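What you see is a predicted model, and the numbers here were worked out from it, not measured in a lab. Every chain is numbered from 1 and lettered A, B, ... according to where its sequence line falls, protein lines coming before strand lines.
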Amino acid sequence: APNYEFYKNADVRPPFTYATLIRQAIMDSKDMQLTLNEIYSWFTRTFAYFRRNAATWKNAVRHNLSLHKCFVRVENVKGAVWTVDEMEYQKRRSQKITGSPTLVKNLPSSLGY
Amino acid sequence: LMPGICSIPVTSLPSLEWPLPSRTDQYELRIEVQPKPHHRAHYETEGSRGAVKAQTGGHPVVQLHGYRGKEPLGLQIFIGTADERILKPHAFYQVHRITGKTVTTTSYEKIIHSTKVLEIPLEPKNNMKAIIDCAGILKLRNADIELRKGETDIGRKNTRVRLVFRVHIPQPGGQHMSLQVASHPIECSQRSAHELPMVEKQDMDSCSVLGGQQMILTGQNFSADSKVIFTEKTHDGQQIWELEATVDKDKSQPSMLFIEVPPYRDPSICHPAKVNFYVINGKRKRSQPQHFTYTPLPAPSIKTEPV
DNA sequence: TAATATGAAACAAATTTTCCT
DNA sequence: TTAGGAAAATTTGTTTCATAT
């Protein structure tokens with residue numbers, strides 16, 4: 001798992017896409033599923049940067065959850081939780097890597113997407 | 001004042017999230033009259049919505065059996081969770097002490113780790129029986145609670161509670177024997193109380209893997225589009241089975257569902273299988289999971305000769 | 001250029017909180 | 001005070017448009 005320690009207290013935008021971060025939040029959870037609210041909490045807990053401008057990044061999180069097919073909403077007793085369709089997630093990423101040789105060279109391996 | 005109450009230091013007692021038995025060989029703490037399954041809680045911005053009542057119109061009653069002492073004891077009351085997890089104080093609700101001339105019980109309240117606890121006397125002269133007419137329910141704002149450091153529960157759709165009763169009985173050695181009992185679940189949201197299906201009673205707890213038997217569910221808010229879904233989860237929470245039971249819509253009423261238990265996914269099991277089922281109205285309005293057990297067929301017949 | 005990412009925003013539905021009689 | 005109802009407010013999800021990489 002990536003080490004986000006630096007960003008916990010440094011008010012610097014983490015160099016990862018929303019999709020990468022959302023997936024990470026869900027992967028970090030015990031049951032591989034989180035409510036929207038719990039995803040928000042993970043963001044604020046893990047990144048100083050997301051402790052301000054909440055309206056903006058929360059909107060973006062919801063936007064990404066809806067937009068990407070890899071995030072699947074599952075009904076539950078307690079409302080709904082979000083899960084990751086890992087197959088779908090990796091499909092998108094591998095398309096990007098195999099489909100663009102120039103990007104492969106420049107993509108730092110530690111960065112998502 | 002109230003002798004015997006409030007005299008025990010909090011630090012020597014088990015914490016509120018600690019599981020306790022409701023009975024021992026000698027004692028039993030029992031809810032003689034259960035509260036109603038619905039009680040709309042009030043917010044801090046509202047006036048009180050009164051004490052929790054019983055189905056009968058009276059109030060819940062709790063009694064301690066087996067106590068031979070002469071001294072009155074204190075009965076503690078707090079609001080607990082009502083989900084599948086083990087009971088703990090409900091972060092989004094608090095007991096609210098009702099006072100007034102309609103209330104017969106004197107009560108005393110204190111806060112233990114951000115949970116309000118009511119204490120009322122249990123007196124030998126009343127047979128150690130207490131009428132709970134002084135306990136209302138206060139709703140705290142989700143956002144306020146969720147930002148508390150260390151709180152991981154979510155308030156949204158988390159609106160069911162149980163009344164939890166505790167008593168600490170002094171023992172010869174200076175120790176205490178603590179007992180606890182929790183009420184049936186109480187739905188505290190106006191909307192959920194009106195719309196969510198709730199199963200209060202099921203006519204049977206188990207049947208053979210073949211299913212096919214009729215089961216009668218008693219409860220609230222059942223409707224024409226109510227479905228009953230049987231599910232099974234593995235130990236780590238992965239759902240591995242789901243099947244809809246057929247509902248007899250002709251017989252069913254708003255407070256009663258007649259269903260046919262569906263067959264279990266594997267008729268050849270050797271040990272009983274514990275599954276869940278729930279009632280769901282429309283897309284989102286679903287009841288808490290209920291428990292059901294499928295039992296294996298009598299004996300796997302090895303004989304092949306005809307009878 | 002085509003594909004992706006990010007932001008802002010309009011809308012709808014579900015759920016919670018406040019207000020009124 | 002206590003009950004009921006429901007308006008007002010907030011959350012959660014979906015979509016669309018514009019801009020930057």
Side-chain angles (χ1 to χ4, degrees), chain A residues 13-23 34-41 43 49-50 53-83 89 91-103 106-107 111-113, chain B residues 36 38-53 57 59 92-93 96-103 133-147 154-160 187-196 280-286:
Chain A
R13 176 156 194 141
F16 308 99
T17 67
Y18 281 110
T20 301
L21 293 175
I22 291 168
R23 168 173 171 269
L34 290 177
T35 63
L36 177 65
N37 199 298
E38 289 167 336
I39 295 174
Y40 288 163
S41 296
F43 271 67
Y49 180 84
F50 292 120
N53 298 323
T56 298
W57 66 260
K58 285 186 176 181
N59 186 342
V61 166
R62 295 197 303 278
H63 171 67
N64 275 266
L65 284 170
S66 285
L67 187 65
H68 298 298
K69 277 187 292 187
C70 60
F71 299 122
V72 183
R73 181 178 176 281
V74 178
E75 286 280 350
N76 191 320
V77 193
K78 298 241 162 174
V81 289
W82 291 92
T83 60
Y89 177 83
K91 200 165 89 188
R92 301 176 76 261
R93 189 171 62 172
S94 60
Q95 267 174 12
K96 180 164 192 167
I97 293 174
T98 58
S100 172
T102 56
L103 272 183
N106 300 334
L107 232 199
L111 300 185
Y113 265 116
Chain B
K36 283 203 295 191
H38 295 136
H39 176 87
R40 181 169 162 185
H42 64 269
Y43 286 82
E44 284 158 318
T45 55
E46 295 182 304
S48 165
R49 287 184 181 277
V52 174
K53 294 172 198 60
H59 290 94
F92 300 89
Y93 292 88
H96 173 251
R97 187 165 58 108
I98 309 283
T99 54
K101 45 185 166 235
T102 57
V103 177
D133 63 353
C134 62
I137 304 179
L138 171 73
K139 173 70 166 73
L140 304 172
R141 279 198 231 92
N142 291 163
D144 294 344
I145 302 308
E146 283 162 1
L147 60 76
I154 296 296
R156 181 169 255 244
K157 299 196 82 165
N158 186 3
T159 55
R160 288 154 44 94
E187 174 59 65
C188 292
S189 127
Q190 177 193 13
R191 178 153 189 257
S192 299
H194 186 64
E195 300 185 341
L196 283 190
I280 182 164
N281 293 348
K283 197 174 166 192
R284 292 193 176 185
K285 295 163 204 156
R286 76 160 76 176

Task: Shortest side-chain distance from A:T56, nucleotide among C:dT16, C:dT6, C:dA8 - done: C:dA8
Task: Euclidean distance, atom CD1 of residue A:I22 to atom P of C:dA5 [Å, nearest integer] - done: 11 Å
Task: Integer-rounded Å distance: C:dA14 C1' and B:K283 NZ - done: 11 Å
TODO: Indicate the atoms forming the closest heavy-atom contact of B:R40 with B:E46, along with that distance.
DONE: NH2-OE2, 4.2 Å
TODO: Ignoring the backbone of A:W82, work out which of C:dA5, D:dG5, D:dT14 is nearest its side chain.
DONE: D:dT14
- [ ] Select base, sugar-phosphate, or nothing to describe what B:K53 touches, counting heavy atoms under 4.0 Å on all strands.
- [x] sugar-phosphate
Open item on the list: I want to verify a distance call: between D:dT2, C:dC19, C:dA8, whose nearest atom is closest to the B:R40 side chain?
Closed with: C:dC19
- [ ] Hey, which sits more toward the 5' end of DNA chain D by its nearest nucleotide, B:G50 or A:V81?
- [x] B:G50
- [ ] Kindly determine whether B:K36 and B:V52 satisfy side-chain contact (heavy atoms from CB on, under 4.5 Å), including the steps that lead there.
- [x] CA-CA 7 Å; B:K36 283 203 295 191; B:V52 174; 6.0 Å; no
Open item on the list: Using OP1 and OP2 only, check whether a side-chain N or O of A:S66 sits under 4.0 Å from D:dG13.
Closed with: no
Open item on the list: Tell me whether the rings of A:Y18 and A:F43 are parallel (<30°), tilted (30 to 60°) or perpendicular (>60°).
Closed with: parallel
- [ ] Would you classify B:H42 as touching base, sugar-phosphate or nothing, given that sugar-phosphate means primed atoms plus P, OP1 and OP2, and contacts are heavy atoms under 4.0 Å?
- [x] nothing
TODO: Return the 5'-most residue of the pair B:K157, B:E44 with respect to DNA chain C, ranking by each residue's nearest nucleotide.
DONE: B:K157
- [ ] Just compare C:dT6, C:dA9, C:dT17 and give me whichever is closest to any side-chain atom of A:N59.
- [x] C:dA9
Open item on the list: Please pick, from C:dG7, D:dG13, C:dT17, the nucleotide with the shortest atom-to-atom distance to any side-chain atom of B:R141.
Closed with: C:dT17
Open item on the list: In this structure, how many angstroms lie between the C1' atom of D:dG13 and the CG atom of A:N76, rounded?
Closed with: 17 Å
Task: First encountered from the 5' end of DNA chain C, between B:R49 and B:G155 - done: B:G155
Task: Taking every non-hydrogen atom, the tightest pair across A:A19 and A:Y89 - done: O-CE1, 4.3 Å
TODO: Tell me, with the steps shown, if B:F92 and B:E146 meet side-chain contact (heavy atoms from CB on, under 4.5 Å).
DONE: CA-CA 9 Å; B:F92 300 89; B:E146 283 162 1; 4.1 Å; yes
Open item on the list: Whole angstroms only, please: what is the CD-P distance between B:E146 and C:dT15?
Closed with: 15 Å
- [ ] Whole angstrom is fine here: how far is it from NE2 in B:H38 over to C1' in D:dA3?
- [x] 16 Å
Open item on the list: Expressed as a whole number of angstroms, how long is the span from A:L67:CG to C:dT6:C1'?
Closed with: 11 Å
Task: Distance in angstrom units between A:N53 CG and C:dA8 P, rounded - done: 8 Å
Open item on the list: If the cut-off is 4.0 Å, is B:Y43 near the phosphate of C:dT18, judged by side-chain N/O to OP1 or OP2?
Closed with: no
Task: Selected nucleotide, minimal atom distance to B:Q190 side chain, candidates D:dG5, C:dT16, D:dT14 - done: D:dG5
Task: Among C:dA14, D:dG5, C:dT6, the nucleotide that comes nearest once only the side chain of A:H63 is considered - done: C:dT6
- [ ] Output the distance between atom CG (B:N158) and atom OG1 (A:T35), rounded to the nearest 0.5 Å.
- [x] 11.0 Å
Open item on the list: Can you identify which nucleotide, out of D:dT14, D:dG5, C:dA8, has its nearest atom closest to the A:R73 side chain?
Closed with: D:dT14
Open item on the list: Rounded to whole Å, please give me the gap between CG in A:N64 and C1' in D:dT14.
Closed with: 13 Å
TODO: Please assess A:R23 against A:F71 for the test side-chain contact (heavy atoms from CB on, under 4.5 Å), listing each intermediate value before the final yes or no.
DONE: CA-CA 8 Å; A:R23 168 173 171 269; A:F71 299 122; 4.3 Å; yes
Are there any protein N/O atoms within less than 3.5 Å of an N/O atom in nucleotides 8-11 of chain D, and if so, which ones and at what distance?
none

TODO: Carefully, step by step, assess B:I98 and B:D133 under the rule side-chain contact (heavy atoms from CB on, under 4.5 Å).
DONE: CA-CA 8 Å; B:I98 309 283; B:D133 63 353; over 6 Å; no
Open item on the list: Of the options D:dA6, C:dA14, C:dA5, whose atoms approach the side-chain atoms of B:R191 most closely?
Closed with: C:dA14
Task: No-hydrogen, no-angle side-chain donor-acceptor test under 3.5 Å, B:Y93 and B:R160 - done: no
